[in-house]
Amino acid sequence: MTSSAKTSYVIKDVAILDGKPTDIVIKDGVIAEIGKGLTADQTVNGSGCIALPGLVDLHTHLREPGREDAETVLSGSRAAAMGGFTAVHAMANTNPVADTAGVVEQVWRLGQEAGLVDVRPVGAVTMGLEGTALAELGAMADSAAAVRVFSDDGKCVHDAALMRRALEYVKAFDGVVAQHAQEPRLTEGAQMNEGVISGKLGLAGWPAVAEEAIIARDVLLAHHVGSRLHVCHLSTAGSVEIIRWAKSRGINVTAEVTPHHLYFTDDVVESYDPIFKVNPPLRTKSDVAAVRAGLADGTINIVATDHAPHPSEDKDCEWTAAAFGMTGLESALSVVYETMVQTGLMNWAAVADRMSVAPAQIGRVSTQGQPIEVGSPANLVIFDPRASQEVDARKTVSASRNTPYAGRTLPGKVVATFYRGKPTVLNGELNA
Amino acid sequence: MTHDFEPKGHVVLDSSDISRALTRLAHEIVERTQGATNLTLMGIPTRGASLATRLGEKISEIQGNPVSVGAIDITMYRDDLRSRPARALLPTTIPPEGIEGRLVVLVDDVLFSGRTIRAALDALSEHGRPELVQLAVLVDRGHRELPIRADYVGKNLPTSRSEKIQVNLIEHDGVDEVRIERES
Amino acid sequence: MKHLLSAADLSYEDAILVLDTAKQLAAATEQGVGKLPPLRGRTVVNLFYEDSTRTRISFEAAAKRLSADVINFSAKGSSVSKGESLKDTALTLEAMGADAVVIRHSSSGAPHRLANAGWISGGVVNAGDGTHEHPTQALLDAYTLRSHLRNGEGDLKGVNVTIVGDVLHSRVARSNVLLLNTLGAKVRLVAPPTLLPYGVEDWDCEVSYDLDASLEGSDAVMMLRVQRERMNAAYFPNAHEYSSRYGLNVTRMNRLAESAVVMHPGPMNRGMEISADVADSQRSVIVEQVANGVSVRMAVLYLILGGSESM
């Protein structure tokens, strides 16, 4: 198959979100035509499939620089494309930490070179993620990477005064602080959700209150200083309630939930298989119900993957020795389809909002999350909801295999992904 | 105890046959051990141990004084231990006078391959060195796989290998009888 | 039985079988039988990542009495202290032909991983993992209770056992709650609220913060070790306050029923959770617990390794 920047594509008989089947023509990087009976250089059969705007992940660990054995910008970009993403936000906890313009520009440049998705670096809030002094937030914002999202993810900005200053400071360049809400003293040595199961398994608990207390504090701080706040990977029913309350008060807060917090409950930890070790931990059934409801009603604005690749030696070990985190880019859309669409909680328009439109807005990515209409940048994902696939960890595109869905069957499949008019995935295969 | 289903096979020894056989065995043991003064009966659990107890009672009646009776579990000494999941252990009871220097008669219900008796000899040796060891069985069905023979036999029952001998005793099965069952 | 990872793995029948088997093995020992043959040719590895001389020796004695070959592998001075992972150690043991691995590890669930991660094919016995479980300790406790309160036979139906102390960090308590329930005993946990696990109200036992109110009606009181360092993490104010509220002293012991016994899994903090007078008293069965440990561990090893591979 030959393809060049000049090749035009027609996706035949595809439903745009919840609409009727139609044809979409992509040409010169934009959506050129929408209608019946269209033609182009190459044809993609979209019959029975759904077209969504290219997915935008606000929370991705690409590990480069520093842990290229787990993932690189290139391998992570490939995994993202396979999952239907056209933009990812690369978290700052690399080595060196992305706390200077130099590091964020390096990551941004690597993303450009890979050319499969927009790689938007996230800047650290504090120097070295140490929670003591602000990083060069303005320099990162002004750099070529144009950073707008700042996060110490993996660590919580727990010092209230520092958090207040960060919230205030980023207003100067329309930035947002994305907080990893975890009260450190309440979670020392924590291994899993604190509940009946942690007591039974003898694993140190990570109580819901350690997340909720920080979120409550932060929404009040954001309110006080009139800043916008983003809450990373919210996981508890109480957190949903606090966000709902904050929004009702007009506080400028947004929140994300991960696919795995929509899918799993903490009873899977009974296997002691560290594939399920993640931070924040998998929670209870009622928490899962609450985050699903919160995502459906918009209290939780977006789904973000918290894709956290780890080499197998960090997972093929005893629980307490294992690293926190699981991969998620390649499975995210299927998991959201199963947990939110098949359950009747959301339609495709809502999926497009939570996985593309809203995250692009929060990250201030202007070319992403656009409606599927003539003239929009051609960032699209074509998803076949009738397909299903058993997840095989050995076949992942990510450089790491720590997918918690291994051996499970997930519904749906990404048939094609178009990034700036160019197919990064075609016929369910990587096209790069 | 009652049978859950109709017992298979046919009865070859009934209650009175068993009683007569044991009485005869008791007399033979007394006769051949010169009055059974140094005698210890060691039954092999489960049913061999019950038979040893009964034999002991009969010998006591004949002799007018109590006979030393014990039990020796052979489970851990079996040569086919690994062929099945770990088996439950059964009680070993060594009489207070021990077995050192005694005239020990091993008692079992059925003598077949001889492997149980070999195991019993090993187990016994852990507890001391008897002066003499003999073997008494209620039924000898043949098909020996080791150079072992019984000194006292209640009843010789020629069988084919495909048949099964089932000894039922009141203590365990609610009835005294010996049955031959054909393997289906 | 393929592994013994948790007391929850034991059904009622399994638990009774272990206790009955231990009883026969103890009898053999009493009858002077030095070594029993059933594990001849089998290799048992004691893989100890934590210092625990008494548990290791108990398992070693148990394995040797059953004629197994025993390899002791302790973390100190071995490749483990050079950073070798549990997986690589396991693969080494597998290559050496270990038929069973007895593992003590500071990480809860490590024995579970060893048994289920596909690293080794042999049996795994949990000799204490983190703050999770210590099932052979619970078995020896049940054995001790049964021999004192039930004449060494049957189960523990109707026996009231009070477990006192740092339940939160105690693998002994977790295993005991599970096993004693399986055997029909009634368990009551007594501790300051800070030393009870989150969600303990869902456990199959009663919970109390008041030791004095719990003594009456107890057939056995099991005192758990409380580490003095816990007070640094604000679990309780100081050792004195702890021992005055939750320590077993003579005054409290005298309020127990005539037949009640005092237990402790060891090692004891004399003067902290238990006074020296109580530890050395007639009611104390602490030394007996140690002796029973060998019989119970023999039973477990026999049932795991004494037959064919699977059950």
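Below, chain A is the first sequence line, B the second, and so on; all start at residue 1. The structure presented is a predicted model; accordingly, all values stated were derived computationally and were not measured. Scope of the values below: all heavy atoms of this structure, side chains included, with no hydrogens, waters or symmetry mates.
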Q. Are the side chain of C:Arg113 and the backbone of A:Cys317 linked by a donor-acceptor contact shorter than 3.5 Å?
A. yes
Q.
If we define contacts as heavy-atom pairs under 4.5 Å, which of A:Thr320, A:Asp316, A:Asp273 has the most with chain C?
A. A:Asp316
Q | Contacts of C:Thr162 that satisfy side chain to side chain donor-acceptor pair (under 3.5 Å) - sequence neighbours left out | A | C:Ser218
Q. Tell me, do A:Tyr272 and C:Pro111 make a side-chain contact under 4.5 Å, heavy atoms counted?
A. no
Q | Between C:Glu201, C:His132, C:Lys87, the one whose heavy-atom pairs under 4.5 Å with chain A are most numerous | A | C:His132
Q.
I need the C:Ser106 OG to A:Glu318 CD distance, nearest 0.5 Å.
A. 8.0 Å
What pairs of donor and acceptor atoms, side-chain ones from residues 201-210 of chain A against any protein atom, are under 3.5 angstrom apart with sequence neighbours left out?
{"residue": "A:Trp206", "atom": "NE1", "partner": "A:Asn279", "partner atom": "OD1", "Å": "2.7"}

(Q) Quick check on C:Asn116 against chain A: is it the side chain, the backbone, both or neither that has a heavy atom closer than 4.5 Å? (A) neither
Q: Report the distance from atom CH2 of A:Trp319 to atom OG of C:Ser107, rounding to the nearest 0.5 Å.
A: 10.0 Å
(Q) Heavy-atom count check: over 12 atoms from other residues, nucleotides or ligands less than 6.0 Å from A:Arg401 CZ? (A) no
Q: Go through C:Leu86, C:Asp129, C:Leu168 and name the one with the most non-hydrogen pairs under 4.5 angstrom from chain A.
A: C:Leu86
Q) How about A:Arg217: does its CZ atom have over 12 heavy atoms from other parts shown lying under 6.0 Å from it? A) yes
Q. How far apart are the closest heavy atoms of C:Trp203 and A:Gly199, and which atoms are they?
A. CZ2-O, 3.6 Å
Q) For chain A, which residues from residues 170-198 of chain C have at least one heavy atom closer than 4.5 Å to it? A) C:Arg174, C:Pro197, C:Tyr198
Q: Check whether more than 12 heavy atoms from other residues, nucleotides or ligands sit under 6.0 Å from atom NZ of A:Lys200, and answer yes or no.
A: no
Q. Side chain to side chain donor-acceptor pair (under 3.5 Å) with A:Asp266: which residues, sequence neighbours excluded?
A. A:Asn193
(Q) Under 4.5 Å from any heavy atom of chain A, what part of C:His169 do you find: side chain, backbone, both or neither? (A) neither
Q.
For A:Phe324, is the CZ atom crowded, meaning more than 12 foreign heavy atoms sit under 6.0 Å from it?
A. yes
